[in-house]
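What follows is a single structure, written as structure tokens, with notes after it.
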Amino acid sequence: MTIGLLVVSNTFMTFAWYGHLKFKQMNWFSNLGLVGIILISWGIALFEYAFQVPANRIGFTENGGPFNLWQLKVIQEVITLVVFTVFALVFFKNETLRLNHLIGFGFLVLAVYFIFKK
């Protein structure tokens, strides 16, 4: 449950943080100023929090969940990178995923391993 909620949360977060970079290509958004874009992003981020907070509460060991605080954070970061990678490849065709990116992601997966190692 925690992982699923974090995936949904990070999907909203990615759209809030980076989706506005594509607004100029949409007629309705093309004339918005920075304040308008910030307000739209905050509106999207509200949904992120609506999933992020329950995910952390459900997943936290002191609330009966399976993860300690460190594990929750590292899981969230890896999910963020996976969601961002899919987003970037789908919506930003001019951005390429290169070997150095994959190596960096590999190190983050290693971080998950070491955080979960007892």
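In this structure, CD on Glu95 lies 9.5 Å from CG on Leu21, to the nearest 0.5 angstrom. For the atom pair Leu5 CG and Arg57 CZ, the distance stands at 13.0 Å (nearest 0.5 Å). Atom CG of Leu32 sits about 5.0 Å away from atom CD1 of Ile40, to the nearest 0.5 Å. To the nearest 0.5 Å, atoms CD1 (Ile103) and CG (Leu108) are separated by 12.5 Å. In this structure, CG in Leu110 is found 12.0 Å from NZ in Lys117, a value given to the nearest 0.5 Å. Atom CD1 in Ile115 sits 11.0 Å away from atom CD in Glu77 (nearest 0.5 Å).
Using modelled atom types, no side-chain atom of Asn63 and backbone atom of Gly65 make a donor-acceptor pair closer than 3.5 Å. At distances below 3.5 Å, not a single donor-acceptor pair connects side-chain atoms of Ser9 with backbone N or O atoms of Phe51. Listed for the Thr14 side chain is no donor-acceptor partner under 3.5 Å among the backbone atoms of Val83.
Residue Ile38 is found in a hydrophobic cluster whose other members, listed by chain and number, are Leu34, Val35, Leu39, Trp42; membership requires side-chain heavy atoms under 4.5 Å apart, directly or through intermediates. With a 4.5 Å cut-off between side-chain heavy atoms of Ile, Leu, Val, Met, Phe, Trp and Tyr, the cluster of Val53 takes in Tyr49.
No side-chain heavy atom of Tyr113 sits less than 4.5 Å from a side-chain heavy atom of Val109. Residues Gln52 and Gln76 form a side-chain contact, since some pair of their non-hydrogen atoms from C-beta on lies under 4.5 Å apart. Looking at Phe84 and Trp17, their side chains never come closer than 4.5 Å, going by heavy atoms from C-beta outward. The side-chain heavy atoms of Thr61 and Leu69, taken from C-beta on, include no pair separated by under 4.5 Å.
Taking every heavy atom of both residues into account, Thr85 and Phe105 meet most closely at OG1-CE1, 3.1 Å. Of all the heavy atoms in Ser41 and Ala16, the pair that sits closest is OG-O, 2.9 Å. Considering all non-hydrogen atoms of both residues, Thr11 and Val7 come closest at OG1-O, 2.8 Å.
With Thr2 as the partner, the side chain to side chain contact (heavy atoms under 4.5 Å, CB included) test is satisfied by one option alone out of Leu72, Ile75, Asn56: Leu72.
Under the side chain to side chain donor-acceptor pair (under 3.5 Å) criterion, Gln71 pairs with no residue, sequence neighbours left out.
Residues Phe87 and Met13 share a single hydrophobic cluster, defined by chaining ILVMFWY side chains whose heavy atoms lie under 4.5 Å apart. Under a hydrophobic-cluster definition in which Ile, Leu, Val, Met, Phe, Trp and Tyr are linked whenever side-chain heavy atoms come within less than 4.5 Å, directly or via other members, Ile79 and Met1 are assigned to different clusters. The hydrophobic clustering, which links ILVMFWY residues whose side-chain heavy atoms are closer than 4.5 Å, places Phe15 and Val90 together. Clustering ILVMFWY residues whenever any of their side-chain heavy atoms sit less than 4.5 angstrom apart, transitively, puts Val86 in the very cluster that holds Phe12.
Annotation: cation-pi pair Lys22/Phe91 absent, no NZ/CZ under 6.0 Å from the ring centroid and within 45° of its normal.
The six-membered or imidazole ring of Phe92 lies away from that of Tyr18, with a centre-to-centre distance of 6.0 Å or more. Note: Phe67 and Phe60 fail the aromatic proximity criterion, with ring centroids not under 6.0 Å apart.
Under a cut-off of 6.0 angstrom, the local environment of CZ in Phe47 is sparse, with at most 12 non-hydrogen atoms contributed by other residues, nucleotides or ligands.
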